[in-house]
Chemist: 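This is the structure, below, for whatever I ask next.
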Amino acid sequence: MSREPATHPATPDGRYFVVRGRLWRLSNPALDEDVRAALVSDLMQARRAVRDARKNGDVSAEREAHAAADIAKRGLGERGPVWWTDGAPDYNRHMARNTPYADWFAALD
């Protein structure tokens, strides 16, 4: 399974992908493939549950589905503590142009 969306560039260090100029943390590459697959399955199930809850106007179910998605994303390493060990700060959700990735991002054009 690919760690990054095919249409979005990933930073050279493999920590983030970029959508509309914003950095989004990639999943932990050290995860066992079986663990990753299970977490991705959980995430997709939670996203479907969010969709269904919104469709049905069920605020409580939507809240529970968002919580399930958050648990899966944390397990994947996309949220919560960073998965890298070199002490570099987390730039998740930052605009690439305002981070140390600015020159790399500018060169993409």
Chemist: About how many Å separate CD of Glu62 and NZ of Lys55, when rounded to the nearest 0.5 Å?
Modeler: 14.5 Å
Chemist: May I ask you to test the Trp83-Arg25 pair for a side-chain heavy-atom distance under 4.5 Å?
Modeler: yes
Chemist: Counting heavy atoms not belonging to Asn56, are there more than 12 under 6.0 Å from its CG?
Modeler: yes
Chemist: Side-chain heavy atoms nearer than 4.5 Å, only ILVMFWY residues, links allowed to pass through others: does that put Trp24 and Met95 together?
Modeler: no
Chemist: Please give me the minimum heavy-atom distance between Leu108 and Pro9, naming the atom from each residue.
Modeler: CD1-CG, 3.8 Å
Chemist: Working note: Thr99 + Tyr16, criterion side-chain contact (heavy atoms from CB on, under 4.5 Å); need CA distance, chi angles, decisive distance, verdict.
Modeler: CA-CA 12 Å; Thr99 71; Tyr16 306 95; over 6 Å; no
Chemist: What distance do Lys73 atom NZ and Asp70 atom CG have between them, rounded to the nearest 0.5 Å?
Modeler: 9.0 Å
Chemist: What is the ring orientation for Tyr101 with Tyr91, classed by angle as parallel under 30°, tilted 30 to 60°, or perpendicular over 60°?
Modeler: perpendicular
Chemist: Of all heavy-atom pairs between Ala69 and Ala46, which one has the smallest distance, and what is that distance?
Modeler: N-CB, 3.5 Å
Chemist: Taking all heavy atoms of Ser27 and all of Arg36, pick out the closest pair and write down the distance.
Modeler: OG-NH1, 2.7 Å
Chemist: What are the two closest non-hydrogen atoms of Ala96 and Phe105, and how far apart are they?
Modeler: CB-CG, 3.7 Å
Chemist: When rounded to the nearest 0.5 angstrom, what distance separates CD in Glu78 from CG in Asn28?
Modeler: 10.0 Å
Chemist: How far does CD1 of Ile71 sit from CG of Leu43, to the nearest 0.5 angstrom?
Modeler: 11.5 Å
Chemist: Output yes when a side-chain donor or acceptor of His66 lies under 3.5 Å from a complementary backbone atom of Glu64, and no otherwise.
Modeler: no
Chemist: Given the rule that I, L, V, M, F, W and Y join up when any side-chain heavy atoms are under 4.5 Å apart, are Val50 and Leu76 in one cluster?
Modeler: no
Chemist: Does a side-chain heavy-atom distance below 4.5 Å link Arg79 with Arg93?
Modeler: yes
Chemist: Could you tell me whether the side chain of Asp13 reaches within less than 4.5 Å of the side chain of Trp104, counting heavy atoms only?
Modeler: no
Chemist: Could you pull out all residues at least two apart from Asn98 that satisfy side-chain hydrogen bond (donor to acceptor under 3.5 Å, both in side chains)?
Modeler: none
Chemist: I need the Asp86 CG to Arg15 CZ distance, nearest 0.5 Å.
Modeler: 4.0 Å
Chemist: Could you grab the distance from atom CG of Leu39 to atom CE of Met44, nearest 0.5 Å is fine?
Modeler: 11.0 Å
